[in-house]
Protein chains: 2
Amino acid sequence: MSSNTSGGPTRRERMRAETIGEIKASAQRQLLEHGPGGVSLRAIAREVGVSPAALYRYFDSLDSLLVELCCDFYDELIDETRRAMDAAGGEECHLDRMKAWIWSFRSWAVANRRKFELMINIPEGAAALGLSLDIRRLSWEDLPPVTRKSMEHAQQCGAELAAYYHQRNDDEALGFAALEPPELSDGLQRELREKCGALIIGEELPLTWVYSFVSGWVRVFGLVTMEAFGSLPVQENIEEFYKAQVLSMMKDFGIEP
Amino acid sequence: MSSNTSGGPTRRERMRAETIGEIKASAQRQLLEHGPGGVSLRAIAREVGVSPAALYRYFDSLDSLLVELCCDFYDELIDETRRAMDAAGGEECHLDRMKAWIWSFRSWAVANRRKFELMINIPEGAAALGLSLDIRRLSWEDLPPVTRKSMEHAQQCGAELAAYYHQRNDDEALGFAALEPPELSDGLQRELREKCGALIIGEELPLTWVYSFVSGWVRVFGLVTMEAFGSLPVQENIEEFYKAQVLSMMKDFGIEP
DNA sequence: TAATTATAGTGAACGGCGTTAGCTAAATAT
DNA sequence: ATATTTAGCTAACGCCGTTCACTATAATTA
């Protein structure tokens with residue numbers, strides 16, 4: 001007597017989904033209160049009103065529960081970033097959309113320090129972009145889920161850069177704009193183009209653009225993690241400092257506002 | 001019957017110091033093998049050949065043992081950096097000494113990922129520079145020990161920047177060299193000067209220099225942490241990429257090699 | 001409808017953990 | 001020689017993640 005004949009999810013499937021939701025909600029509460037490492041299966045079981053062993057019907061282990069949480073957080077981040085980018089302007093506003101990406105990344109990470117901590121410390125997630133080497137030989141579907149989400153997030157920005165590049169390239173009056181890198185060996189050039197170009201940005205761009213992208217990526221990553229971990233020297237005027245840093249970056253890239 | 005009459009440490013003090021050494025050594029072994037979080041008091045006790053409770057004669061808790069380990073690691077890092085800087089050149093070579101600082105920081109962090117992980121994740125250590133606000137009202141001796149060490153490390157580089165500034169300032173032929181920041185509010189200007197200037201660099205420098213220093217600091221921190229956590233896009237030609245980044249930074253600051 | 005199978009749940013146990021309390025023996029100090 | 005400080009012990013408390021054997025209950029099949 002399954003309701004599957006009417007197409008929708010089974011009654012059991014609904015119950016199961018709801019239970020999973022409760023478990024995750026409880027785990028998230030504990031994460032927000034005690035930080036990663038303060039999340040305990042037994043405490044979750046107590047809160048949900050079930051025996052500890054029962055949780056193993058829903059998750060393989062505490063770790064895999066945390067990984068799933070992590071993926072959810074990436075989805076949150078990606079959604080919010082998408083919204084912020086769309087609010088910044090539609091087509092032809094790629095520069096503003098990139099700024100919106102940076103800014104919403106920062107705000108989300110700061111407003112959700114604990115979640116962000118977890119995302120950074122999750123082993124497979126941290127090695128997200130670093131795995132690029134093996135990534136090339138792996139199909140997208142077989143990547144560790146956190147890695148995939150993390151790349152999805154990076155690509156939001158990379159795609160915008162590519163669009164911006166084409167926009168400037170089509171309009172001959174604008175010409176090119178990118179940081180001129182020092183002389184680079186063939187090996188590094190290839191690595192930059194293959195990994196960062198094809199994987200992050202999604203298509204092949206000139207070396208100057210790829211180098212600029214990676215340089216900017218490192219700066220933004222540094223800013224966001226330092227602020228989230230509380231090790232940014234500036235503390236009272238952080239927002240302004242951020243904006244100044246973005247302006248400096250653009251100036252370095254030869255982009256005037 | 002204490003050997004204290006002859007000035008040296010007591011027999012008991014020697015024993016105690018040796019035991020502390022054994023404990024730390026065992027803890028470090030576990031850290032290197034299993035990462036932070038994989039260090040257990042009971043396992044240490046087993047390895048040292050003593051009951052778990054006995055360890056509490058030497059350390060207040062597992063956490064404080066980890067904090068002490070952390071301080072030792074900072075000493076290691078600071079020592080190695082000092083060596084590298086001295087090897088890079090004596091007086092008048094401040095630029096090379098700063099490069100050496102960056103480079104040895106990077107190599108140490110990569111060669112000692114596990115230790116570096118611990119240093120980053122130790123709560124009070126991470127908030128090192130971020131605490132600057134309260135730091136101003138605290139005497140140096142009362143700072144959390146990890147914070148002090150971390151600042152000591154940063155100051156190694158900051159002092160060099162100050163010396164470089166004076167060198168260029170004295171020699172009128174060279175003039176100034178620093179990144180021109182965008183227009184900054186009075187509040188941010190004061191914060192930069194007070195916290196980063198007085199605290200990191202050790203003396204007051206022009207705003208352009210302080211801004212350049214903090215900008216560079218963020219970039220280096222981003223690079224080092226990303227590489228240590230394996231999330232740097234470039235993987236095969238990291239060293240060259242690093243050197244390129246340093247060159248780009250210098251170029252941005254208006255410093256030609 | 002009756003028999004069967006898949007699923008969500010239980011309780012008890014294993015081995016691990018950090019930490020505390022109370023005790024003993026040895027080393028030091030008086 | 002006596003008193004005191006110190007290093008060590010055992011045992012226990014209350015956590016933890018995880019596994020195992022077992023039971024109802026819901027869904028499927030004959």
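In what follows, chains are A, B, ... by sequence order, proteins preceding strands, each numbered from 1. Only this structure's heavy atoms are used, side chains among them; waters, hydrogens and symmetry mates stay out.
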Q. Does B/Arg114 pair with B/Glu33 as a salt bridge, N-O distance under 4.0 Å?
A. no
Q. A/Arg57 has a side chain; which of D/dG8, C/dA8, C/dT10 sits nearest to it?
A. C/dA8
Q. Just how far, in rounded Å, is P of C/dT10 from CG of A/Leu55?
A. 9 Å
Q. Under 4.0 angstrom, heavy atoms only, what part of the nucleic acid is A/Ala54 near: base, sugar-phosphate, or nothing?
A. base
Q) Which whole-number value in Å describes the distance from B/Met15 CE to D/dA7 C1'? A) 11 Å
Q | A/Phe59 CZ to D/dT18 P, straight-line distance once rounded to whole Å | A | 13 Å
Q) Does the pair A/Val214 and B/Phe241 meet the rule for a side chain to side chain contact (heavy atoms under 4.5 Å, CB included), with working shown? A) CA-CA 10 Å; A/Val214 179; B/Phe241 179 69; 3.5 Å; yes
Q: Report the nucleotide, chosen from D/dT19, C/dA8, C/dT19, that has the shortest atom-to-atom distance to any side-chain atom of B/Pro52.
A: C/dT19
Q | Length of the line joining A/Leu66:CG and D/dG17:C1', which is rounded to integer Å | A | 12 Å
**Q.** Pairwise 5' ranking along DNA chain C for A/Ser51 and B/Asp60, keeping only the more 5' one
**A.** A/Ser51
Q) When the distance from CD1 of A/Ile20 to C1' of C/dT7 is rounded to whole Å, what number comes out? A) 13 Å
Q. In whole angstroms, how far is the P atom of C/dA27 from the CZ atom of B/Arg16?
A. 16 Å
Q) What is the distance, rounded to the nearest whole Å, between atom CD of A/Glu18 and atom P of C/dT7? A) 19 Å
Q) Considering heavy-atom distances to DNA chain C, does B/Arg12 or A/Arg12 have its closest nucleotide positioned more toward the 5' end? A) A/Arg12
Q. Does A/Trp101 use its side chain to pair, donor to acceptor, with the backbone of A/Arg82 at less than 3.5 Å?
A. no
Q: Check every strand shown and say whether B/Thr19 touches a base, only sugar-phosphate, or nothing at a heavy-atom separation below 4.0 Å.
A: nothing
Q.
Would you say B/Ser40 and B/Gln30 are linked by a side-chain donor-acceptor pair, where the criterion is simply a distance under 3.5 Å?
A. no
Q | For atom CG of A/Asp63 and atom C1' of D/dG17, their distance in whole Å | A | 10 Å
(Q) Whether A/Glu239 and A/Arg106 form a salt bridge (side-chain N of Lys/Arg under 4.0 Å from carboxylate O of Asp/Glu) is what I want to check. (A) yes
Q) Salt bridge check: are A/Lys195 and B/Glu236 linked by an N-O gap of less than 4.0 Å? A) yes
**Q.** Interface with DNA chain D, restricted to residues 30-48 of chain B and to heavy atoms under 4.0 Å
**A.** B/Arg42
Q: Taking A/Ser150 for its side chain and A/Val146 for its backbone only, find out whether a donor-acceptor pair lies under 3.5 Å.
A: no
Q. Closer than 4.0 Å, any side-chain N/O of A/Tyr56 to the OP1 or OP2 of C/dG9?
A. no
